[in-house]
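Worksheet for the structure shown next.
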Protein chains: 2
Amino acid sequence: MASPTSLPSSPPAGSAAGANIEPSDKPGRAKRLPREVRERQILDAAVTVFSQHGYHGASMDEVSEVAGISKPMIYAYLGSKEDLFSACIHREATCLLEAIVAGIHPGQPADVQLWHGLRSFFGFVGEHRESWRVLHRQSLAQGGPFTEELMSMRQRAITLVAAVLVRTGNDEGVGHAASRSGEALAAALVGAGESLADWWLDHPQESADLIAVRLMNLVWMGFGDLVEDRVWKPPAEPAEPAAQP
Amino acid sequence: MASPTSLPSSPPAGSAAGANIEPSDKPGRAKRLPREVRERQILDAAVTVFSQHGYHGASMDEVSEVAGISKPMIYAYLGSKEDLFSACIHREATCLLEAIVAGIHPGQPADVQLWHGLRSFFGFVGEHRESWRVLHRQSLAQGGPFTEELMSMRQRAITLVAAVLVRTGNDEGVGHAASRSGEALAAALVGAGESLADWWLDHPQESADLIAVRLMNLVWMGFGDLVEDRVWKPPAEPAEPAAQP
DNA sequence: CGACTTACCTACTCTGGAGTAAGGCTACGT
DNA sequence: ACGTAGCCTTACTCCAGAGTAGGTAAGTCG
């Protein structure tokens with residue numbers, strides 16, 4: 001049966017684009033390669049398989065087959081299945097954050113920095129859909145120790161965004177209400193970005209830039225309204241909801 | 001080990017709140033009950049277990065234990081594990097949609113109808129976190145035939161929202177640009193709601209109404225800006241937005 | 001009271017898949 | 001050449017968990 005994702009399979013984030021060793025069809029022995037290279041191949045394969053079947057659904061046999069290597073190598077290099085999954089999450093999260101940081105140039109106004117950060121983020125997700133799938137969706141679906149790795153990444157992202165917001169704070173970029181609670185705003189923005197990227201997985205026809213512009217609009221204009229106190233209020237009612245955000 | 005979700009466990013959506021038969025500690029035979037009741041109990045247990053461990057991670061033995069009944073009963077009444085999971089999704093999706101529909105009163109202005117729909121939605125998710133978790137997160141994590149059930153629900157929700165937007169269309173509620181593409185707007189709103197609810201799973205300290213107000217603000221004011229052509233534009237740049245870095 | 005239906009159970013079978021033991025092959029140093 | 005370090009494999013063990021066979025209690029209708 002065909003894979004449910006019929007998109008052209010983008011490579012996981014850590015794979016070296018240049019030196020791809022095609023495994024010979026010879027069923028016997030694989031060519032000897034240094035450990036470093038094999039580990040990367042194994043992680044690539046693991047990301048692919050995990051993103052398709054989820055943690056429990058994936059089998060180490062399939063990972064080994066996709067990696068073009070036998071199963072004991074995986075255990076020798078990366079440890080148990082749980083370790084392997086953690087390693088995947090860690091590598092992909094690191095790559096993602098590096099990509100975002102690389103896109104931001106300090107000194108520019110806040111909205112420009114934010115725009116570049118968002119473009120980098122969605123660009124990464126677009127080019128490494130498997131990575132994002134395993135990073136966000138699959139690691140969330142397993143409630144276990146994997147979530148911590150993700151939470152750590154999220155926290156680093158929030159700190160990064162908050163720094164962007166606050167550093168250029170008292171300019172015209174962000175109002176005083178925003179700079180007072182930069183962390184909270186950053187959390188909201190990061191959450192929105194994650195969710196939007198997740199939604200994007202199921203609507204791949206949109207372009208990365210379009211997605212980024214949309215979020216930028218929503219956040220920048222939306223928050224602008226909120227700062228200017230242009231809030232929509234619920235109609236007066238017997239049961240009173242909580243006060244404004 | 002303790003469950004990762006330390007929240008007070010809310011009952012799944014289909015459970016009858018009143019007639020809860022406590023299974024006697026007698027390890028032997030359970031009290032004879034009509035099939036209808038048992039099926040509901042089994043489904044309740046299944047939602048709980050699936051929401052905690054995911055589809056693959058859950059075991060039929062645990063479901064049977066939580067349901068207070070032996071495993072063959074599950075197979076006799078609900079069929080295979082796959083069937084059971086599908087039944088869960090179907091039941092929860094139906095309950096959710098019914099809750100939303102019940103909250104909407106036609107004839108009111110669009111924003112009020114939307115507001116009530118959102119409140120019903122987030123109210124449901126808040127009271128049945130397990131249901132939402134299995135409905136959205138777990139069914140998305142398994143790419144298989146389960147997604148269809150979810151897509152069907154999403155489509156019904158989009159149609160519902162689009163009807164609300166269009167029916168009250170040429171009033172002051174929604175601009176002409178909106179009523180022209182009500183379906184697309186509805187899709188965006190539903191997607192935003194889903195994502196926000198999913199985000200909410202990980203931030204349970206917020207109240208349902210606060211979440212609903214936030215989304216309402218973002219959507220209503222945000223779309224208002226868009227309709228009035230107040231869009232944020234990316235800065236002029238050497239590299240065109242379409243090209244990749 | 002039997003006869004019959006329906007709810008319910010214990011105690012299995014069997015397969016998929018995690019993890020391992022034990023040993024071959026290859027490259028490089030000397 | 002020849003040892004040794006490290007890459008790589010076949011061929012297992014073993015267990016969790018899906019699904020079932022076959023039998024027992026408890027109501028219900030004549």
Side-chain angles (χ1 to χ4, degrees), chain A residues 1 19 21-43 45-46 49-50 52-88 142 144-146, chain B residues 1 19 21-43 45-46 49-50 52-88 142 144-146:
Chain A
M1 58 178 172
I21 283 88
E22 205 59 31
S24 68
D25 290 344
K26 196 73 151 297
R29 234 168 172 72
K31 188 149 190 298
R32 264 175 88 98
L33 286 177
R35 175 173 183 148
E36 196 183 336
V37 177
R38 281 285 181 233
E39 281 190 358
R40 205 151 15 97
Q41 289 180 347
I42 293 171
L43 283 176
V49 175
F50 280 135
Q52 280 174 2
H53 308 302
Y55 175 69
H56 288 287
S59 81
M60 298 296 270
D61 284 282
E62 186 175 355
V63 173
S64 76
E65 193 180 352
V66 171
I69 206 164
S70 67
K71 200 166 45 154
M73 295 305 299
I74 302 180
Y75 284 92
Y77 285 166
L78 276 312
S80 70
K81 187 183 187 183
E82 206 171 309
D83 294 337
L84 179 61
F85 192 62
S86 283
C88 288
Q142 326 304 328
F146 309 122
Chain B
M1 58 178 172
I21 283 87
E22 205 58 32
S24 67
D25 291 343
K26 197 72 153 296
R29 237 168 169 72
K31 187 149 196 298
R32 265 176 86 100
L33 287 177
R35 174 172 186 150
E36 196 183 336
V37 177
R38 280 285 182 234
E39 282 190 356
R40 204 148 20 92
Q41 289 181 346
I42 293 172
L43 283 175
V49 175
F50 281 135
Q52 280 174 1
H53 308 302
Y55 175 69
H56 289 287
S59 81
M60 297 296 268
D61 284 284
E62 187 176 352
V63 173
S64 75
E65 193 181 352
V66 171
I69 206 165
S70 68
K71 201 166 46 155
M73 295 305 300
I74 303 180
Y75 285 91
Y77 286 167
L78 276 313
S80 71
K81 188 182 187 183
E82 205 171 310
D83 294 337
L84 179 61
F85 192 61
S86 282
C88 288
Q142 327 304 327
F146 308 122

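These numbers were taken from a predicted model, which means no experiment stands behind them. Proteins come first, then strands; the chains are lettered A, B, ... in the order of their sequence lines, and each starts at number 1.
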Atom-pair distance (CD1 on A/Ile74; C1' on C/dG17), nearest Å: 13 Å
Parallel, tilted or perpendicular: rings of B/Tyr55 and B/Phe85 (30°, 60°): tilted
Nearest-Å distance for atom pair CD1/C1', residues B/Ile69 and C/dT10: 15 Å
Nearest-Å distance for atom pair CG/C1', residues B/Leu33 and C/dT5: 17 Å
Donor-acceptor pairs are to be reported for all side-chain atoms of residues 60-71 of chain A against protein atoms at under 3.5 Å, with residues two or more places apart or in another chain.
residue, atom, partner, partner atom, Å
A/Glu62, OE1, A/His53, NE2, 3.4
A/Glu62, OE2, A/His53, NE2, 3.4
A/Ser64, OG, A/Asp61, O, 2.7

A/Arg38 vs D/dG6: side-chain N/O to OP1/OP2 distance below 4.0 Å: no
Length of the line joining B/Ile42:CD1 and C/dC9:C1', which is rounded to integer Å: 14 Å
Spacing between A/Met73 atom CE and C/dT20 atom P, to the nearest angstrom: 15 Å
For atom CD of A/Glu62 and atom P of C/dG19, their distance in whole Å: 16 Å
List every contact pair, protein side and nucleotides 24-30 of chain C side both N or O, where the distance is under 3.5 Å.
residue, atom, partner, partner atom, Å
C/dG24, N2, A/Arg29, NH2, 2.3
C/dG24, N3, A/Arg29, NH2, 3.0
C/dT26, O2, A/Arg32, NH1, 3.2

Heavy-atom closest contact (A/Phe50 atom, A/Lys81 atom, distance): CE2-CE, 4.3 Å
Difference in axis direction between the ends of the helix from C/dC1-D/dG30 to C/dT30-D/dA1, five pairs, 10°: 10°
Minimum-distance pair of heavy atoms, taken over all atoms of B/Gln41 and B/Leu33: NE2-CD1, 4.1 Å
Euclidean distance, atom CG of residue A/Leu78 to atom P of C/dT20 [Å, nearest integer]: 14 Å
A/Asp83 and A/Ser80: CA distance, side-chain angles, deciding distance, side chain to side chain contact (heavy atoms under 4.5 Å, CB included) verdict: CA-CA 5 Å; A/Asp83 294 337; A/Ser80 70; 3.3 Å; yes
Pairing residues for B/Arg32 by the side-chain hydrogen bond (donor to acceptor under 3.5 Å, both in side chains) criterion, not counting sequence neighbours: none
Qualifying residues under ring pair (Phe, Tyr, Trp, His ring centres under 6.0 Å), relative to B/Tyr75, sequence neighbours excluded: none
Nearest-Å distance for atom pair CD/P, residues B/Gln41 and C/dA7: 13 Å
CG on A/Leu78 to CZ on A/Arg38, rounded to 0.5 Å: 13.0 Å
Which atom pairs link the protein and nucleotides 11-18 of chain D when you take only N or O atoms and keep those under 3.5 Å?
residue, atom, partner, partner atom, Å
D/dA18, OP1, B/Ala58, O, 3.2
D/dA18, OP1, B/Lys81, NZ, 3.1
D/dA18, OP2, B/Met60, N, 2.8

